[in-house]
Amino acid sequence: MTGSAFSLSTATALSQFMVTQGEPVIGALHGENPYLFCDWCKSWIYTSLEAIGDFVNVRTTLLDAPPIDPPFMETFTAEALPWVKTGARHSYPGLPEMTEYAGLMQEFANAI
């Protein structure tokens, strides 16, 4: 989804997220968790994460003030380039099991 070694995104509460310009359109995945894109440049902006609560997965580079700390969690490391190291607290070769998300979300909330 990017031309980089990373596909970096930030999970944030929907109530804390707002598109300030333009109207996103569905692209790529449709259905329960659609990927929303900028209609003008076709860049991926965010993904709805209704399966784990009222969250959106926002492209971190689009934030006005991106975080400076290492990522809390990294996924799909089985596909990572061998030299890619993020320093993430949690690392998964694919996605975590759905049963792990509640604990991860609680740990993340306690850390911020």
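The model shown is predicted, which means the values in this text are computed figures rather than measured ones.
To the nearest 0.5 Å, atom OG1 of residue T20 and atom CG of residue D64 are 7.0 Å apart. Rounding to the nearest 0.5 Å gives a distance of 7.5 Å between CE of M73 and CG of L95. A distance of 9.5 Å separates SG in C41 from CG in D39, rounded to the nearest 0.5 Å. Separating the CZ atom in F37 from the CH2 atom in W44 is a distance of 7.5 Å, to the nearest 0.5 Å. Here the straight-line distance linking atom CZ of R59 with atom CD1 of I45 works out to 11.0 Å at 0.5 Å rounding.
R89 places no side-chain N or O within 3.5 Å of a backbone atom of P71 that could act as its donor or acceptor partner.
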side-chain contact (heavy atoms from CB on, under 4.5 Å) evaluation trace for Y46 with N57: CA-CA 5 Å; Y46 67 98; N57 203 14; 5.8 Å; no
Test log, rule side-chain contact (heavy atoms from CB on, under 4.5 Å), inputs V56 and T47: CA-CA 6 Å; V56 292; T47 306; over 6 Å; no
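Shown here for V19 and P24, the closest heavy-atom pair between the two residues is CG2-CG, 3.8 Å. Looking at every heavy atom in both residues, P67 comes nearest to L63 through CD-CD1, 4.2 Å. Contact between G87 and P70 at its shortest, heavy atoms only, is O-CB, 3.8 Å.
A donor atom on one side chain and an acceptor atom on the other are not found under 3.5 Å apart for S43 and W40.
Sequence neighbours left out, not one pair with a member in residues 66-87 passes salt bridge (Lys or Arg N to Asp or Glu O under 4.0 Å).
The aromatic rings of F108 and F72 lie perpendicular to each other, with more than 60° between the two planes, well past the 30° mark.
With sequence neighbours excluded, the residues that form a side-chain hydrogen bond (donor to acceptor under 3.5 Å, both in side chains) with T10 are T60. With sequence neighbours left out, the side-chain contact (heavy atoms from CB on, under 4.5 Å) criterion links E100 to Y92, P96, E97, L104.
In this structure, the side chains of L36 and V25 stay at 4.5 Å or more apart for every pair of heavy atoms.
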